[in-house]
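All remarks here apply to the structure that follows.
Index from 1, following the sequence.
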Amino acid sequence: MFKQICLTLSVLALVSCAGQPAFDAASVADATSAQISHVEPLSWWTGMKLPLQLMIHGEGISEYELHLEGAKGVSISQIHQADNPNFIFADIEIRPDAEPGTCYLVFTKGEKQFKYAYQIEERREHSAERKSFSTADMIYLIMPDRFANGDPSNDNTSDTDDKADRDAFFGRHGGDIQGIMDHLDYISELGATAIWCTPMLEDNAPEGSYHGYAASDYYRIDPRFGDNALYRTFVDKAHEKGLKVLMDIVTNHCGTEHWWMNDLPFEDWIHQFPEYTGTNVCFSTNMDINASKKDLYYQESGWFVPSMPDMNLDNPYTLQYFKQWAIWWIEYADLDGFRVDTYPYNEKEPMSEWCAAVTREYPHFNIMGECWTSSIPQLAYWQKDNPNKDGFNSNLPSIMDFPLQDAIRTALTENQPDWGQGMTRVYDVLSHDFCYQDLSKMLIFIGNHDTDRIGDVVKKDPDRLKLAMTLMATLRGFPQIFAGDEQMMVSKNRSEGHGGLRVDFPGGWEGDEFDQFTQAGRLAADQNTDGMKMQAGQAEDLFQYVSTLFQWRKNKEVIHNGKTLHFLSRDNTYGFFRYNDTDTVFVYINNSLEDKKVPWSYYSEMSENLGEGRNVLTGKKMSLSDETVVEPKQALVVEF
């Protein structure tokens, strides 16, 4: 069973602090009838910049007077009434001289009184200066329910509805936090330096809850994954392995099973309509000078799907709730970054405030927003400090490069491309880099939990997969790999939608025939995830190829922050240089079905001053005077 993080918060505190009168029977009886159901955030810290506002929820709680006792430098500055008498919002002042410890929220109604213990803690040393993920990182994306089942005892719990069924495409399979911790060495060996897990907060939807994007409690790790303490342990263990941890968060919507859906604090806490109204998914309304206000309203206020109520961040109490929630998890779990789901579906001005609040508390903290659009100007609009004509500044540091993903995936399927197709697509997308404010704050990827697996896209062609991984390891920005793509895992059944592509990682469950977390298991495996025969050792070969690239990338500053010089071709090849004042890396992608000779003379503005280089993929030295031929569907990476 789940336990609150602080023992002081685990039960209603019917105790008196030192020096205070004991309760009489009437007080205790009233405390029982006036149950406090929730106080959020669960705890707080001294030395924080964001003001603290407690959301207090309990039957008839607004009928009580409230004051605070028991902590030096901590007091209540103002109390706000909600539409619902079962809520109050209390502004808590924590002065610079405040001391950590337990304070008490004292509720009084006539002669009846009870107290609730609340913890003010001391911050970690240098917490505000924490570093975050950057271009030096490779992010490994994990869907916890489908990665590894380290603790079968939590597959089902008495307080959650959706039960484990490994054969169900949209059911829970049993993966958990312990399963991730058990395989941190595998992730590190691959060359990853950061982990992004899809949401692990409680999602108590009766079905399809495995993805976690419909939170039913924003302060509770889903018990089928573990608990809050285990999540914090996971972050600590990852840090010990040199791995950063990003939390996937959702500010746009909760789930219909969230506890407040039966007792909303304000009528406009969420967006409500006479009948179900979905978003029009028209992101252009945020920057379109011709857009109607009506279209913008339905874009940001309509629900994502019927099971995900849309939060109203224009309500200042809702916005403050989500600011504190984000900062609480950073401080509690020692996080290294955020990925924000469905970013443009939020109201943009409040989300700009939200980003500013988080980065004001943690100036180096990176936040990556999912702005799913193939339009480069519209994507650039969402990045912090972009010179938008309407003056809007999102304060969102990083964005996901969906246009580049589209270009790479399409290019790799074209053997005999027409004009503007094949690798020219990649050249064209990168030729628009002038649109972006900060190229170092862009996530590049070839697939994730919402897109077809790259193995499906390239039709299980290991050579084309290697080309994709080569681009991920050498292009500007910071790369992300979806768990299993490094071994070309494919969907179980693409006709079944997302559930089919989110396949279990072989070896993550007791009794799996092959364990592809290990070299021996990868070498032994002779089948892929949909039963098609694989070439013997293919999974191990792919793993080693990807590992070689990303282990090399870890310390390659020129890849992290170097400039790019690329050259146009119309023969389904792509050549580019990453360079700075001291180093140069050359990358050549032959996506064609023919041998190609590297045209060094055409690259002379960069190549003429280069000496002998080293082939990164083979470790062999090579000279530019050689007749350099790259075979079909192969890549060349040379460092000078």
Please confirm whether the ring centroid of [X] lies under 6.0 Å from the ring centroid of [Y].
X: Phe517; Y: Phe505; result: yes
X: Phe170; Y: His498; result: no
X: His183; Y: Tyr140; result: no
X: Tyr381; Y: Phe392; result: yes
X: Tyr219; Y: Trp328; result: yes
X: Phe283; Y: Tyr345; result: yes
X: Phe577; Y: Phe640; result: no
X: Trp329; Y: Tyr231; result: yes
X: Tyr427; Y: His566; result: yes
X: Phe445; Y: Phe482; result: no

Do the side chain of [X] and the main chain of [Y] share a donor and acceptor less than 3.5 angstrom apart?
X: Tyr362; Y: Ile330; answer: no
X: Asp176; Y: Asp151; answer: yes
X: Glu361; Y: Lys49; answer: yes

Yes or no on side-chain hydrogen bond (donor to acceptor under 3.5 Å, both in side chains) for Thr342 and Trp372, after CA distance, side-chain angles and deciding distance?
CA-CA 8 Å; Thr342 57; Trp372 195 333; over 6 Å; no
Measure the spacing between CD of Glu349 and CG of Leu313 and express it to the nearest 0.5 Å.
12.0 Å
To the closest 0.5 Å, what do you measure between CG (Leu141) and CD (Gln480)?
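One gets 5.0 Å once the value is rounded to the nearest 0.5 Å.
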Would you check, one step at a time, whether the test side-chain hydrogen bond (donor to acceptor under 3.5 Å, both in side chains) holds for Thr318 with Asn312?
CA-CA 7 Å; Thr318 311; Asn312 178 20; 6.0 Å; no
